[in-house]
Amino acid sequence: MIRAIHGDALLDPATGESIGNAVVLIADGRVTKAGKRDGTQVPRDAESVDASGLTLLPGLIDCHVHLTSLGEGLDFARELTTPPTFELMRAVRAARRTLDAGFTSVRDAAGSPAGVKMAIEAGYFPGPRMFVTVSALSQTGGHTDAHFMCGADLDIPLPDRPYSVVDGVEAMRLRVREVIRAGADWIKLCTSGGVLSPGDQPHHSALTLEEIRAAVEEAQVQGRKVMAHAQANAGIKNALKAGVATIEHGIWLDGDAIEMMLDGHNALVPTLVAPHWVIRHAEAGKMPSYAIAKAKAVIDDHRASIKLAIESGVTLAFGTDTGVGPHGSNGEEFLLMHELGMAPLDCIRAATTVAAETIGMKGVGSLEPGSWGDLIGVPGDPITNLELLAKPENIRLVIKGGDVVKSSAA
Ligand SMILES: [Zn+2]
């Protein structure tokens, strides 16, 4: 099956160049040619997709989502009455909304077992290409310890989603092996406290340097990298010293941490939009008071920290923590990155070329021959108007592996 997608323009994020009267040819899911219509031989049996009025660009990549999280605030009574299978089914709707927002690839930062990715690959339901971390590992009382002071524990381990809480070097080695056995593409650690967890603080570090090192080592020997939920300055530095690849959130970066990131070629995944959603949910009465207080306390420092990283030339990869906010709202992050000084093209690269490189997913983030036929169409030039990528209704066309998965009239 060959498809020919005819658009008004084609934006290549790698070069920043846009060409008019474009055509993208996709054969058996892979791009064979993307360029000007003049001079492109369109095979006679190609099925034509009319994308007139639209600028085409590679499908977007979100490096930090949680497809099994509802994204509608935290309601513990609701969580207590949600069977694990129903929790899993949330991913079906979230996957559809993510795709509709133009995100054809994601890295799930915990919650989704490998089965979610496998079901999408098998075509059971539409969704983005996925890398999964399965479980986010934290220390006792840490970010993903779901014990509450009443004694209840909301983290129910599943056969294919190992328990999140782990302490000690040897226990960490075993747990990382278990997570890899369950199908994780990446390992997720929490090297600091966080906003939505009841018993810890974002400015406190978590896990020892030795524990983090053990996890990185175990990941490396099996060809995986580690992403660290790292908000506290000490938690960021421990993660970097131990050799993690990506820093998530990065609320309290300083000059030394930035130097370490530049030296180690680490990427920062800012998730600027996440604390905004905590506050919005809170205003709608859908957040416990401890989370509101913590979100309000970090939001300005978070912005200042990411701004410093941008100005210092740290690599930023696009990530939203969606699942805190509603699925499909991912694109708002573009506006927040731009607000802090990132040029529109750099914002787009963060969600295409840079994201693909950061998470190590092959054949995404670009439309060069051999890439997956994943692309989107928006009504105008996103370089002059980033809003076009910020709202799902502006994403008029979504193609994944050559198949039209969303098409809406202008
Ligand atoms: Zn997260």
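Order of listing sets the numbers, starting from 1, for every ligand and every atom in it.
- Aromatic pair His229/His249: centroids less than 6.0 angstrom apart.
- Within 6.0 Å of atom NZ in Lys33, more than 12 heavy atoms from other residues, nucleotides or ligands are found, so the atom counts as buried in its surroundings.
- Protein N, O or S atom count below 2.8 Å of the Zn ion (ligand 1): the structure gives 3.
- Under the rule for a ring pair (Phe, Tyr, Trp, His ring centres under 6.0 Å), Phe125 has no partner lying at least two apart in sequence or in another chain.
- Ring-plane geometry between His66 and His64 is classed as perpendicular, the angle between the planes exceeding 60 degrees on a 0 to 90 degree scale with a lower cut at 30.
- Atom CZ of residue Arg181 and atom CG of residue Asp160 lie 11.0 Å apart, to the nearest 0.5 angstrom.
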Discussion item. Go through it in stages, so that I can follow the logic: the residues are Val221 and Glu217, the test is side chain to side chain contact (heavy atoms under 4.5 Å, CB included), and I'd like the CA-CA distance, side-chain angles, deciding distance and then a yes or no.
Written reply: CA-CA 6 Å; Val221 293; Glu217 246 177 61; 5.9 Å; no
